[in-house]
Visitor: 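Dropping the structure in here first, questions after.
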Amino acid sequence: MDKVYNHKEIEEKIYKSWEEKKYFQPEIHPHGKPYTIILPPPNANGDLHFGHAMFVIEDILIRYHRMLGDAALWLPGTDHAGTETQFVFEKRLQEIGKSRFDYSREELYKMIWEYVQENRGGIENQLRRLGFSLDWSREKFTLDPAVVELVKQTFRKMYDDGLVYRDYRLVNYCTKDGTSFSDLEVVHEERKDPLYYIKYGPLVLATTRPETKFGDTAVAVNPQDKRYQAFIGKEIEIETVLGKATITVVGDEYVDPEFGTGVVKITPAHDFNDFEVGKRHKLPMKQVIGFDGKMNEYAGRFAGLYVKQARKAVVEAMQEKGLIEKIDESYVHRVGICYKCKTVLEPLPLEQWYVKVKPLIENAEKAIDNGFVKIYPQNFVTTLKQWYAGLRDWNISRQNVWGIQIPIWYEVEDDSKFVVTFLDKQKQLQQGVLHEILQKGHTWDAIEKGLQRVVAMIDAKVVFGEQKEKGKHYLPETDTFDTWFSSGQWPFVTLKTTKLGDFEKFYPTSVMETGYDILRAWISRMLFLGLYVANGKHVTDDNFLKETVPFRDVILHGLVNDPYGKKMSKSKGNVVNPLQVADEYGADAVRFALVYGTGLGNDQAMSYGKLEAARKFGNKLWNMARFIEMKNAENNFVLKDRLALVELFNQEKNKADQAWINRVKDLTDEITKYLDNYQFNLAAERLYEFIWHEFADKYIEEVKSRIDPASLKNLNILFFVLLELLHPFMPFITEEIYHKLGNKDDLMIQSWPQAEK
RNA sequence: GGGCUCUUAGCUCAGUUGGUUAGAGCGUUGCAUUGACAUUGCAAAGGUCAGAAGUUCGAAUCUUCUAGGGCCCACCA
């Protein structure tokens with residue numbers, strides 16, 4: 001054996017051999033108990049980061065259960081990540097001076113598809129590099145045709161069950177990326193903005209958004225507020241920058257008399273609270289900001305200006321007219337921004353598809369309460385249940401091309417109720433009311449071919465593809481599903497589309513393991529969507545519920561931060577590539593360092609000290625093996641029969657060895673218990689401690705003085721047991737050592753050294 | 001405003017049913033060794049487990065409060 005363990009030459013070779021021997025497929029244990037983990041699919045648009053290296057926890061579990069003889073399946077996949085990927089791709093287009101609107105939907109989709117395919121290959125190799133024993137023969141992508149078909153079926157089923165509906169309400173809209181977002185995707189940022197006190201006839205009100213005043217359809221005061229009670233229900237005459245106008249005063253509890261002047265302008269089309277107030281008082285909606293982020297014709301001479309420009313211009317005009325009483329320049333509030341491009345999100349009214357969540361989360365909550373799904377660490381149960389309790393209906397429409405198109409058609413009964421955007425024959429972008437577009441001479445065929453976007457009014461007739469009738473015109477829904485709508489069905493759609501019988505055998509999955517940061521976005525959705533697709537809307541039978549959960553245990557790991565404890569992010573430039581570190585320290589060391597010394601669910605700072613310690617541990621192990629190899633050679637000893645630990649225990653009568661056999665047996669029990677309880681850090685720490693400071697420092701030192709064939713046999717076998725226990729954590733080096741000591745078979749498929757008494 | 005979480009050795013962190021002298025890695029100090037060990041071994045120093053009160057025979061661990069961090073959610077114009 002070489003004097004020093006050289007991971008570089010060994011790791012790739014060993015992984016290839018495992019893969020070729022199909023060890024990662026559950027079929028190696030055809031009669032084993034199914035044990036399933038679905039890999040959280042990384043986004044197919046970039047590289048793996050250190051968070052992904054935490055999948056080592058899943059590999060430890062899978063390897064452990066494979067060694068136990070289970071039919072262990074770890075199913076890999078990648079996610080198309082609609083908005084994120086399109087964002088990344090559009091940035092590339094921007095670099096070459098193009099935009100998404102220079103291409104038809106099909107062209108754009110195809111280009112992104114090719115880009116993503118390249119990336120997927122890179123991600124797969126990175127996962128291999130870390131030694132992850134994934135069953136590549138079952139790999140899935142969220143846009144595989146069979147997966148897409150199932151996701152669409154789910155939508156159809158939900159439509160028939162009345163669980164999805166279309167509604168016209170305010171959405172969080174990014175005017176730069178041109179799409180809406182769900183509540184969960186909105187990031188709030190603290191901003192200091194001027195608070196303007198504006199004269200509204202006899203009243204004065206405070207607002208940060210004077211430019212939306214063109215969309216005001218009322219003024220509100222608190223009904224208890226004595227100062228303004230006389231105004232409630234009355235119309236007041238106000239002076240505005242566009243001339244005189246009248247506006248109604250309504251009384252609504254939403255108004256806080258303590259804030260500002262206790263008077264609020266109500267702009268139902270551009271503010272979520274105002275929208276609610278508007279609904280309560282049946283106020284009209286007046287949209288004054290377009291989806292391009294510019295003021296529209298209702299803004300009079302301010303039309304065409306971007307919101308920020310309009311605000312400045314309107315304020316100046318108001319000041320000229322003396323309509324501004326004062327400006328509070330130090331007002332601090334929080335605004336919603338786009339999590340990708342940081343643009344301030346505009347609440348805009350739009351027709352969108354929503355999932356009715358209340359009926360769905362009932363079963364999810366029940367599954368948690370009854371322990372059909374367990375969450376580790378447990379404190380995240382509170383987080384999840386609170387999120388469920390306050391959940392509002394889920395906007396699943398995204399105005400992206402990259403994704404699964406919502407499988408809906410709108411019947412064109414009245415062509416004045418559709419707004420279409422399309423590339424005409426000269427590749428020029430056209431937009432307008434369908435009625436006018438047709439009048440201009442554009443043909444149906446041209447519109448359909450170059451179609452970019454369709455906005456159908458809320459009362460448009462909805463049909464599914466097979467319901468289309470000859471002789472009628474239809475336009476498709478151009479929106480795609482929120483990525484989480486498809487990934488939320490991941491355990492179901494993967495196992496349904498891999499190999500025949502997989503779903504029946506491997507569902508419900510055993511463990512779902514992710515970072516706690518996507519508990520809400522993903523785990524919560526997978527739980528309620530998983531239950532729904534697997535068993536429908538109403539379940540009264542608890543046993544049935546228990547058998548249809550998408551996963552039995554949820555394990556949540558913490559985040560891996562940079563060495564200073566700061567979150568890794570591209571913009572900060574402190575991202576460390578796990579593969580680079582694996583090159584330097586070895587994949588085993590990276591794996592071990594990530595598990596060692598961090599309790600489940602806790603964040604950790606990436607530590608070069610720990611990596612170094614893990615590397616040294618590997619080297620120590622290597623040298624223990626060298627010592628044994630040397631002694632074997634000196635004594636012409638060849639291990640003929642590889643006894644199980646239990647057999648060794650029953651055979652060996654040597655007192656000194658017997659004590660160590662006992663200790664290794666106890667250790668086996670201990671590690672088994674730790675793994676069953678998901679206490680990976682304790683298992684790693686105990687193995688480190690025992691192998692180095694007990695077995696090497698004490699046993700090997702002691703046995704040196706009394707080497708004979710019997711003690712050599714024990715030494716060899718006990719060492720193999722330790723290799724097996726360590727194998728799930730450090731698979732490469734343990735495998736290599738096992739071979740170096742003359743074993744022809746693979747540790748990979750050795751059984752776990754159960755130590756029954 | 002609501003929730004979660006953390007505060008343990010110089011630094012980074014373990015410590016899950018409360019139970020002997022509270023642990024590791026890195027660092028520090030001393031000694032030994034070139035041996036299976038791009039070293040390693042032996043030993044040492046270093047902690048009133050944030051603070052206070054309570055429960056208990058017994059608390060780093062359970063309860064309450066206080067102080068200070070971190071994260072998440074809700075977002076009053």
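All figures in this text were calculated on a predicted structure; none of them were measured in a lab. First the proteins, then the strands, lettered A, B, ... as listed; each starts at 1.
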Visitor: Any chance you could list the contact pattern along nucleotides 4-15 of chain B? Use B for base contacts, S for sugar-phosphate-only contacts and - for none, protein heavy atoms under 4.0 Å, 5' to 3'.
Guide: SS-------SSS
Visitor: Among B/A74, B/C73, B/A36, find the nucleotide with the atom closest to the side chain of A/H188.
Guide: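 Output: B/A74.
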Visitor: When you check the phosphate oxygens OP1 and OP2 of B/G41, does a side-chain N or O of A/W692 lie under 4.0 Å from one of them?
Guide: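 For A/W692, the contact criterion (side-chain N or O under 4.0 Å from OP1 or OP2 of B/G41) is met.
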Visitor: Would you mind reporting whether A/R392 and A/D183 have side-chain heavy atoms less than 4.5 Å apart?
Guide: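 Heavy-atom side-chain distance check passes, below 4.5 Å.
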Visitor: Any idea how A/Y585 and A/Y608 line up, ring-wise: parallel (<30°), tilted (30 to 60°), or perpendicular (>60°)?
Guide: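 Ring orientation of A/Y585 relative to A/Y608: tilted.
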Visitor: Return a table of donor-acceptor pairs under 3.5 angstrom between the side chains of residues 715-722 of chain A and protein atoms on other chains or two or more places apart.
Guide:
{"unit_1": "A/N716", "atom_1": "OD1", "unit_2": "A/N632", "atom_2": "ND2", "d": "3.1"}
{"unit_1": "A/N716", "atom_1": "ND2", "unit_2": "A/N632", "atom_2": "OD1", "d": "3.0"}
{"unit_1": "A/N716", "atom_1": "ND2", "unit_2": "A/L712", "atom_2": "O", "d": "2.8"}

Visitor: For a quick check, tell me whether the side chain of A/K616 and the base of B/A38 share a donor-acceptor pair closer than 3.5 Å.
Guide: no
Visitor: Does A/Y354 have any side-chain hydrogen bond (donor to acceptor under 3.5 Å, both in side chains) partners at least two apart in sequence or in another chain, and if so, which?
Guide: none
Visitor: If you round to the nearest 0.5 Å, how far is CE of A/M526 from CG of A/L519?
Guide: 9.5 Å
Visitor: Checking all strands, does A/A613 fall into the base, sugar-phosphate, or nothing category for heavy-atom contacts under 4.0 angstrom?
Guide: sugar-phosphate
Visitor: Show each protein N/O and nucleotides 28-31 of chain B N/O combination with a separation under 3.5 Å, one pair to a line.
Guide:
none

Visitor: Given pairs defined as Watson-Crick or G-U wobble with both distances under 3.5 Å, what dot-bracket annotation applies to RNA chain B, with ( ) intrastrand, [ ] crossing, | other strand and . unpaired?
Guide: (((((((..((((.....[...)))).(((((.......))))).....(((((..]....))))))))))))....
Visitor: Between A/Y516 and A/D271, who's closer to the 5' end of RNA chain B by nearest nucleotide?
Guide: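 In this pair, the answer is A/Y516.
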Visitor: Are the side chains of A/D393 and A/K358 in touch, meaning some heavy atoms are under 4.5 Å apart?
Guide: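 Not touching, per the 4.5 Å side-chain cut-off.
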Visitor: NA contact type, A/K673, heavy-atom cut-off 4.0 Å: base, sugar-phosphate, or nothing?
Guide: nothing
Visitor: Check whether any side-chain N or O of A/N619 sits under 4.0 Å from OP1 or OP2 of B/A38, and answer yes or no.
Guide: yes
Visitor: Under 4.0 angstrom, heavy atoms only, what part of the nucleic acid is A/K265 near: base, sugar-phosphate, or nothing?
Guide: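 Nothing: the residue A/K265, judged by heavy atoms under 4.0 Å, touches no strand.
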Visitor: At 4.0 Å (heavy atoms only), tell me whether A/Y688 reaches a base, stays on the sugar-phosphate, or touches nothing.
Guide: sugar-phosphate
Visitor: Base, sugar-phosphate alone, or nothing: which one does A/R686 contact when heavy atoms must sit under 4.0 Å apart?
Guide: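 Since no nucleic acid heavy atom lies under 4.0 Å of A/R686, the category is nothing.
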Visitor: Could you walk me through whether A/K265 and A/D216 pass the salt bridge (Lys or Arg N to Asp or Glu O under 4.0 Å) test, one step at a time?
Guide: CA-CA 6 Å; A/K265 68 192 208 59; A/D216 291 357; 2.9 Å; yes
Visitor: Any base atoms under 4.0 Å from A/M630, or only sugar-phosphate, or nothing? Heavy atoms, all strands.
Guide: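 Sugar-phosphate contact only - A/M630 comes under 4.0 Å of backbone atoms but never of a base.
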Visitor: Ignoring backbone atoms, establish whether A/H693 has a side-chain N or O less than 4.0 Å from OP1 or OP2 of B/U40.
Guide: no
Visitor: On the ring face of A/F380, is A/K385 found with NZ or CZ under 6.0 Å from the centre and within 45° of the axis?
Guide: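 Negative - A/K385 is either too far from the ring of A/F380 or too far off its axis.
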Visitor: Under the salt bridge (Lys or Arg N to Asp or Glu O under 4.0 Å) rule, collect the residues that match up with A/R520, sequence neighbours excluded.
Guide: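 For A/R520 there are no salt bridge (Lys or Arg N to Asp or Glu O under 4.0 Å) partners, ignoring immediate neighbours.
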Visitor: Which is true for A/K3 with a 4.0 Å heavy-atom rule: it touches a base, it touches only sugar-phosphate, or it touches nothing?
Guide: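 The answer is sugar-phosphate, as A/K3 gets under 4.0 Å only of primed atoms, P, OP1 or OP2.
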Visitor: Between A/Y688 and A/Y596, is the ring centroid distance below 6.0 Å?
Guide: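 Between A/Y688 and A/Y596, the centre distance is under 6.0 Å.
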Visitor: Is a side-chain donor or acceptor of A/H52 paired with a backbone partner of A/H49 at a separation under 3.5 angstrom?
Guide: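 Present.
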Visitor: From the options B/A36, B/C75, B/G41, select the nucleotide whose nearest atom is closest to the side chain of A/D697.
Guide: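 Selected nucleotide: B/G41.
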Visitor: So what does A/R520 hit on the nucleic acid, given a heavy-atom distance under 4.0 Å: a base, only sugar-phosphate, or nothing?
Guide: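 The residue A/R520 makes sugar-phosphate contact but no base contact.
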Visitor: Would you classify A/Q679 as touching base, sugar-phosphate or nothing, given that sugar-phosphate means primed atoms plus P, OP1 and OP2, and contacts are heavy atoms under 4.0 Å?
Guide: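 Base: the residue A/Q679, judged by heavy atoms under 4.0 Å, touches a nucleobase.
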Visitor: Counting any heavy atom closer than 4.0 Å, what does A/Y331 reach on the DNA or RNA strands: base, sugar-phosphate only, or nothing?
Guide: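 Result for A/Y331 = sugar-phosphate.
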Visitor: Both conditions, 6.0 Å and 45 degrees, for the charged tip of A/R663 above the ring of A/W660: are they met here?
Guide: yes
